[in-house]
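Both counts, for ligands and for their atoms, begin at 1 and track the order of listing. It should be emphasised that the depicted structure is a prediction, and the values quoted were computed from it without experimental measurement.
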Amino acid sequence: MELDYIKSMFDAIAPRYDFLNRLLSLRQDVSWRRQMIRAIEMPANGILLDVACGTGDVILEALKQKALSAAYGLDFAPEMLMIARKKIAGAKPPAPVCLLAANGLRLPFAADSIDALTIAFGIRIIIDRKAALAGFREVLKPGGMLAVLELNTPPPGFLRRLYLLYFEKILPGIGGLFSNNMDAYQYLPASVLNFPPPKVFARMMQDAGFTSVAWKSLTFGIATVYIGCK
Ligand SMILES: C[S@@+](CC[C@H](N)C(=O)[O-])C[C@H]1O[C@@H](n2cnc3c(N)ncnc32)[C@H](O)[C@@H]1O
């Protein structure tokens with residue numbers, strides 16, 4: 001039930017998703033994805049899987065930065081995937097890209113088959129993070145890398161208060177107005193506030209068996225990139 005609600009919410013906001021991402025983050029989202037891909041070490045001509053790929057921005061960035069033999073994008077919202085498909089076709093990708101409508105908790109990939117797995121702004125939406133991380137680890141090749149990009153709230157202080165004012169009071173209004181979906185832009189800040197602080201999520205990655213786990217705060221702690229190896 002919960003999954004159906006989230007899926008239809010993303011389907012509903014898909015046409016305005018990119019526009020609102022750029023507007024609400026003042027284009028920081030573009031730079032954050034760039035930094036996440038930059039943090040990935042993977043062999044040339046490796047295979048990348050982007051879970052919760054949405055409208056395809058992570059895949060497009062990965063194709064710019066890395067020499068890939070194939071890229072897979074997986075998301076359960078068909079309308080988000082439709083936009084990803086158009087953007088990727090327009091970018092004339094240098095490597096084959098395959099988009100799959102599936103649940104990130106049940107990855108349709110063989111064990112030990114992926115060189116790098118990414119998930120941007122998606123892990124906080126997956127309630128069973130423990131199971132998700134276990135599934136990610138399973139499909140990665142030994143030595144493969146997981147990169148997670150997620151929003152956080154800045155540490156306590158003036159900046160946090162200012163950020164929360166924007167995030168809880170202003171963002172839902174702008175998001176609701178442009179997307180015509182008030183619920184979605186109320187749900188999104190709430191899901192960020194419920195996501196654990198970087199130290200705690202990094203520990204979850206370690207507990208799931210990832211090694212060399214590290215994280216880096218971006219833009220005053222509004223977003224964080226985490227990496228870990230299988
Ligand atoms: C905030 S968007 C992020 C999209 C994209 N990664 C980006 O960088 O903009 C979250 C995406 O996660 C997808 N999603 C959430 N839970 C999922 C799940 N269990 N399986 C597959 N996709 C999921 C949603 O459909 C949505 O497209």
ask   = Is the distance between the ring centroids of Tyr72 and Phe109 less than 6.0 Å?
value = yes

query = Between Leu133 and Met204, which heavy-atom pair has the shortest distance, and what is it?
reply =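 Looking at all heavy atoms of both residues, the shortest contact is CD1-O, 3.9 Å.
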
ask   = If you take all heavy atoms of Ile40 and Lys66, which pair is closest and at what distance?
value =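 Scanning both residues, the minimum pair turns out to be O-NZ, 2.7 Å.
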
message = Both conditions, 6.0 Å and 45 degrees, for the charged tip of Arg161 above the ring of Phe158: are they met here?
response = no

Go through ligand 1 atom by atom and flag the ones less than 4.0 Å from a non-hydrogen atom of [X].
| X | answer |
| --- | --- |
| Cys53 | 5 (C), 6 (N) |
| Asn21 | 9 (O) |
| Met80 | 27 (O) |
| Ile125 | 10 (C), 15 (C), 16 (N) |

task = Would you tell me whether Glu150 and Thr224 have side-chain atoms, one donor and one acceptor, within less than 3.5 Å of each other?
result =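 Distance-only check fails for Glu150 and Thr224.
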
Would you say [X] contacts ligand 1, with heavy atoms under 4.0 Å as the rule?
| X | value |
| --- | --- |
| Asp57 | no |
| Thr55 | no |
| Ala102 | yes |

Considering [options] one by one, which has a heavy atom nearer to [atom] than any of the others?
| atom | options | answer |
| --- | --- | --- |
| atom 14 (N) of ligand 1 | Trp32, Phe76, Phe121 | Phe76 |
| atom 19 (N) of ligand 1 | Asn103, Leu188, Leu105 | Asn103 |
| atom 6 (N) of ligand 1 | Gly104, Ala52, Ala132, Gly54 | Ala52 |

Asp115 (side chain) donor-acceptor with Gly144 (main chain) under 3.5 angstrom = no

task = Examine distances only and state if a side-chain atom of Arg34 and a backbone atom of Glu61 form a donor-acceptor pair shorter than 3.5 Å.
result = no

query = Counting only heavy atoms, which portion of Lys7 has something under 4.0 Å from ligand 1: side chain, backbone, both, or neither?
reply =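 It is neither part, as no heavy atom is under 4.0 Å.
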
ask   = When hydrophobic residues are tied together by side-chain contacts of less than 4.5 Å, even through go-betweens, does Met9 share a cluster with Ile119?
value = no

How far is [atom] from its nearest protein heavy atom, and which residue and atom name does that atom have?
| atom | result |
| --- | --- |
| atom 8 (O) of ligand 1 | Arg33 NE, 2.8 Å |
| atom 9 (O) of ligand 1 | Tyr17 OH, 2.7 Å |
| atom 25 (O) of ligand 1 | Asp75 OD1, 2.6 Å |

inquiry  = Quick check on Arg22: does its CZ atom have over 12 non-hydrogen neighbours (other residues, nucleotides or ligands) under 6.0 Å away?
reply    = yes

message = Between ligand 1 and Ala120, is the shortest N or O to N or O distance under 3.5 Å?
response =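 Yes; at least one N/O pair falls below 3.5 Å.
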
ask   = Is a salt bridge present between Lys7 and Asp11, judged by a nitrogen-to-oxygen distance below 4.0 Å?
value =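 Salt bridge flag = no for Asp11 with Lys7.
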
